[in-house]
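The first residue of the sequence shown is numbered 1, and numbering continues consecutively from there.
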Amino acid sequence: MNSKTLPYLLLAPATIFLVVFFLWPFLQIAWLAFTTDGGFTMQHFQTMASNWKFWPTFWNTIILAAIVVPLQLVMALAMAQVVAKLKSTRNTILYIFTIPLGLSDLAAGIIWLAIFEQSGFLNSMLVGLGIVEKPILFLGYQNLWVIFIAVILAELWRATAIVMVILVSGMGLIPKEYYEAAEVFGAGPWKRFVKVTLPMLKPSMQTALILRTIAAFEVFAVVVALGGTTLPVLVGETFNWQFALNDRNVAAAFALVILVISIAATLVFLRVLRTPKGATL
């Protein structure tokens, strides 16, 4: 086989996959969003932006991502530090931490619904302890902030482990000599974490943050399980316009908005957490 063609042959399957499952669907969505009867139009975006639910939906999605992703990073760093320092029980603890990854978004939402609903575990505990006289409607439309908290807790419980796994892998690549040298020069545990671990984890944190932020912008099943239509999010409205209102064009406009903010967040992380040339391990 010609050595010049081998790299192209190896890249061909991935290229075909991206074209079939990303580029082609993207072109179809863009066509639906920007055309009417074959002609260019911005009407679908105007319809989307003028709808009374658009801006609440947009800001609900942004706020959820802005809260969930940083909390997941902090928790994952703490969990990764614990796992990295373990020896005999490392695999067991890592397995326990990653159990929620085996659940779907909807299953995680239903589990937390069983905690917060009127006949759920939280109300049963509060009534049993005598803190309240009767069950509280936590997830009612008048308690939007409680739904926010429930969704945040469900997302933290369900998806923090994937960030932790990426960080644990990154920590495994940091040479021990760096820590030994820092210890020799009198650096304590916190200083070693700040001056050695965090800088060396930039590529791993970059990957983890990009993946989790994109997933946070696409949150849907957990929100539906816990809040229904009380807490509208972008993917939920995309689904609503596509299947309930039967307007594929406006649904495509929503999809492009999600794509744009995902790309914007990715570019921010690539810029902020970029690793200088020659500074990699």
Side-chain angles (χ1 to χ4, degrees), residues 1-34 65 68-69 72-73 76-77 79-80 83-84 90-91 94-95 97-105 155 158-179 196-221 234-235 238 251-252 254-281:
M1 181 179 294
N2 191 334
S3 59
K4 292 183 178 180
T5 60
L6 180 60
Y8 298 102
L9 291 175
L10 294 175
L11 288 172
T15 303
I16 294 171
F17 179 87
L18 289 174
V19 169
V20 173
F21 294 103
F22 178 78
L23 182 58
W24 179 243
F26 167 75
L27 293 175
Q28 288 182 311
I29 292 297
W31 177 263
L32 287 172
F34 286 106
V68 168
V69 175
Q72 285 182 328
L73 178 62
L77 280 169
M79 293 161 66
V83 172
R90 172 179 170 140
N91 291 337
L94 187 60
Y95 174 76
F97 280 163
T98 55
I99 286 175
L101 288 178
L103 299 175
S104 66
D105 296 11
E155 281 291 290
R158 183 189 65 84
T160 301
I162 187 62
V163 183
M164 180 207 64
V165 170
I166 295 172
L167 296 183
V168 168
S169 301
M171 287 180 180
L173 298 175
I174 302 175
K176 294 181 180 180
E177 290 81 0
Y178 289 8
Y179 292 106
V196 178
T197 304
L198 286 182
M200 291 296 175
L201 271 182
K202 274 188 177 182
S204 298
M205 287 194 294
Q206 189 182 79
T207 302
L209 286 173
I210 289 172
L211 290 176
R212 279 307 306 143
T213 302
I214 292 174
F217 289 144
E218 296 173 356
V219 65
F220 175 52
L234 285 174
V235 174
T238 305
F254 269 98
L256 285 185
V257 169
I258 298 170
L259 178 63
V260 168
I261 61 176
S262 297
I263 292 174
T266 298
L267 293 176
V268 169
F269 290 133
L270 289 175
R271 175 68 178 175
V272 173
L273 296 174
R274 71 186 187 281
T275 303
K277 189 176 181 180
T280 55
L281 295 177

Nearest heavy atoms of T213 and A265, plus distance in Å: CG2-CB, 3.7 Å
Heavy-atom nearest pair, G170 first then S204, reads CA-OG, 3.2 Å
What's the separation between atom CG in L201 and atom CG in L273, rounded to the nearest 0.5 Å? 10.5 Å
Taking atom CG of L11 and atom CD1 of I16, what is their separation to the nearest 0.5 Å? 11.0 Å
Apply the test side chain to side chain contact (heavy atoms under 4.5 Å, CB included) to residues V163 and L209: give CA-CA distance (whole Å), side-chain angles for both, the deciding distance (0.1 Å), then the verdict. CA-CA 8 Å; V163 183; L209 286 173; over 6 Å; no
Listed partners of L18 passing side-chain contact (heavy atoms from CB on, under 4.5 Å), at least two apart: none
Does the side chain of R158 come within less than 4.5 Å of Q72's, by heavy atoms? no
Minimum heavy-atom distance between D105 and A221, given as atom pair plus value: CB-CB, 3.6 Å
Taking only residues two or more places apart in sequence or in another chain, which ones pass side-chain contact (heavy atoms from CB on, under 4.5 Å) with A80? M164, L167, V168, M171
Ignoring hydrogens and geometry, is there a side-chain-to-backbone donor-acceptor pair from T98 to Y95 under 3.5 Å? yes
Are T266 and I214 close enough that some pair of their side-chain heavy atoms sits under 4.5 Å apart? yes
For V219 and L234: C-alpha separation, side-chain torsions, deciding distance, then whether side chain to side chain contact (heavy atoms under 4.5 Å, CB included) applies. CA-CA 8 Å; V219 65; L234 285 174; over 6 Å; no
How many angstroms lie between OG1 in T238 and CD in E218, if you round to the nearest 0.5 Å? 10.0 Å
Does V69 form a side chain to side chain contact (heavy atoms under 4.5 Å, CB included) with L73? I'd like the steps, not just the answer. CA-CA 6 Å; V69 175; L73 178 62; 5.7 Å; no
Under the salt bridge (charged side-chain N to carboxylate O under 4.0 Å, His left out) definition, can you give me all pairs with a residue in residues 262-272, not counting sequence neighbours? none
Non-hydrogen side-chain atoms of L77 and L198 separated by less than 4.5 Å: yes
Would you call the rings of F26 and F22 parallel, tilted or perpendicular, where under 30° means parallel and over 60° means perpendicular? parallel
Any idea which heavy atoms bring V19 and P25 closest together, and the distance? O-CD, 4.2 Å
Flag for Y179-T197: side-chain donor and acceptor within less than 3.5 Å: yes
Separation between CZ (F254) and CD1 (I29), nearest 0.5 Å, reads 13.5 Å
Of all the heavy-atom pairs spanning F97 and M79, show the shortest one and how long it is. CG-CE, 3.7 Å
What are the two closest heavy atoms between A159 and I162, and how far apart are they? O-CG2, 2.9 Å
Side chain to side chain contact (heavy atoms under 4.5 Å, CB included) between V235 and I258, worked out: CA-CA 8 Å; V235 174; I258 298 170; 3.7 Å; yes
